[in-house]
Amino acid sequence: MNRPTRREAERLDAQDPLAPFRDDFVIPADTLYLDGNSLGALPKATAPRLAEVIAQEWGQGVVRSWNAAHWIEAPQRIGGKIATLIGAKASEVVAADSTSVNLFKLLAGAVSLRPRRRTILSEPGNFPTDLYVMQGLQRLLGDRIELKVVPTEELAARIDEDTIAVALTHTHYKSGWRWPMAEITAKAHEAGALALWDLSHSVGAMPVDLNGADADLAVGCGYKYLNGGPGAPAFLYVAERHQAKIVSPLAGWMGHAEPFAFRDDFAPASDIRNQLCGTPTILGLAALEVGVDLMLRADLKALAAKSAVMCDLFIAAVEGHPAGAELTLVSPRDGDRGSHVSFAHPQAYAIIQALIARGVVGDFRAPDVARFGFTPLYLRHVDVLDAAEVLLEVMAEGAYKDERFRRRLAVT
Ligand SMILES: Cc1ncc(COP(=O)(O)O)c(C=O)c1O
């Protein structure tokens with residue numbers, strides 16, 4: 001691609017079917033926000049909805065709202081909405097807990113579905129929490145399971161009759177590279193294994209088809225492209241065929257077949273509710289639902305197409321200028337990629353800090369990656385070029401060499 005011009009970007013914005021969505025968000029002043037893949041922007045409808053839940057449902061309804069305001073059904077109701085974004089049935093998804101906790105439940109659940117097998121397969125450089133949860137489960141279960149973290153290019157060939165599950169992140173958090181979900185799931189099934197997908201960097205950025213891929217299990221974040229707010233509840237998916245058999249390691253009253261029978265002995269629900277554990281976090285779920293409802297209005301194919309164009313524009317704008325020469329693209333140049341673009345540079349941390357000081361918010365991923373998320377729902381094509389210009393300025397001026405940009409903050 002030739003170096004794009006601002007006029008081309010303006011033309012793309014004028015034709016963009018998603019452009020009206022920008023008005024549904026609070027766009028921070030004087031900021032080019034390229035971190036919606038870490039924390040999505042605030043929908044304008046969230047604050048009034050939360051005010052209503054707090055003042056009316058909680059303030060006036062108090063405990064009656066569990067029934068009257070349908071609080072008790074929120075995990076399934078919102079899960080059912082998320083299901084349409086990920087190619088699943090409404091009865092296969094719940095919104096609950098964090099992605100990490102859901103991973104733990106489903107990995108342990110996978111062990112329960114394959115009682116005679118021992119290995120869980122994943123790749124090095126998978127998102128840390130995914131690997132840590134697998135390591136934690138291995139410590140808990142001792143010799144019962146073995147975690148094998150095998151080179152990415154060998155993974156498909158390493159699936160065998162001892163594999164319980166392949167546990168992978170669909171879109172890589174750092175590079176944006178995307179696994180062929182249907183192909184890997186089919187490989188797992190050929191060997192009698194399960195496929196568990198982390199959709200955190202996919203959901204809300206592209207169409208996902210869990211049922212089409214015949215996927216067994218999945219998890220994902222609510223606070224990235226779903227715009228559910230900081231620490232929003234996550235979601236999990238269990239294919240219908242596994243729901244009656246899968247055992248959650250976190251047996252809690254919300255997963256009981258009859259939570260309000262108050263029996264001493266646990267008897268799991270036979271449907272997706274058996275993956276619930278404790279009382280749903282109603283305020284978090286209410287904010288998540290606003291983000292999900294917005295996303296449901298968007299055409300997912302248009303989202304994916306726009307994100308591909310925005311990523312292409314950014315790469316071409318940065319690489320097409322001499323000031324971008326020191327930055328090494330670590331994302332796929334085209335094709336199977338998510339909605340973010342990453343460049344490696346030994347001073348990536350300082351570069352991101354220098355950009356933030358100039359109003360361009362991306363993030364740093366250790367050890368040397370500067371990551372830029374292009375949220376198709378509320379970013380414009382001109383924002384992409386403007387952000388590239390600021391990055392090129394920072395590089396050309398060497399602005400990142402300033403000492404103050406090297407001080408590491410707790411969250412990068
Ligand atoms: C792929 C992936 N999985 C999981 C998480 C986070 O999980 P949690 O919400 O439990 O912190 C992230 C966060 O960035 C992520 O990128």
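In listed order, ligands and their atoms are each counted from 1.
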Participant: Can you work out which protein residues put a heavy atom within less than 4.0 Å of ligand 1?
Facilitator: Ser98, Thr99, Ser100, Phe127, Thr129, Asp130, Thr169, Tyr173, Asp198, Ser200, His201, Cys221, Tyr223, Lys224
Participant: Report the residues that fulfil ring-ring contact (aromatic ring centres under 6.0 Å, His included) with Phe372, sequence neighbours left out, ordered by chain and then residue number.
Facilitator: Phe314
Participant: Answer yes if the side chains of Asp368 and His345 hold a donor-acceptor pair under 3.5 Å, and no otherwise.
Facilitator: no
Participant: Think Arg365 forms a cation-pi with Tyr173, using NZ or CZ under 6.0 Å from the six-ring centre and within 45 degrees of its axis?
Facilitator: no
Participant: Please report, to 0.1 Å, the donor-acceptor pairs under 3.5 Å made by any side chain of residues 220-229, with sequence neighbours excluded.
Facilitator:
unit_1, atom_1, unit_2, atom_2, d
Lys224, NZ, Asn37, O, 3.3
Asn227, OD1, Ala41, N, 3.4
Asn227, ND2, Tyr225, O, 3.2

Participant: Are side-chain N/O atoms of Asn274 and Ser248 paired as donor and acceptor at under 3.5 Å?
Facilitator: no
Participant: Counting only pairs under 3.5 Å, give me each side-chain donor-acceptor contact of residues 286-295, with atom names and distances, residues two or more places apart or in other chains.
Facilitator:
unit_1, atom_1, unit_2, atom_2, d
Glu289, OE1, Arg77, NH2, 3.0
Glu289, OE2, Arg77, NE, 2.9
Glu289, OE2, Lys81, NZ, 2.8
Asp293, OD1, Lys81, NZ, 2.8
Asp293, OD2, Lys81, NZ, 3.4

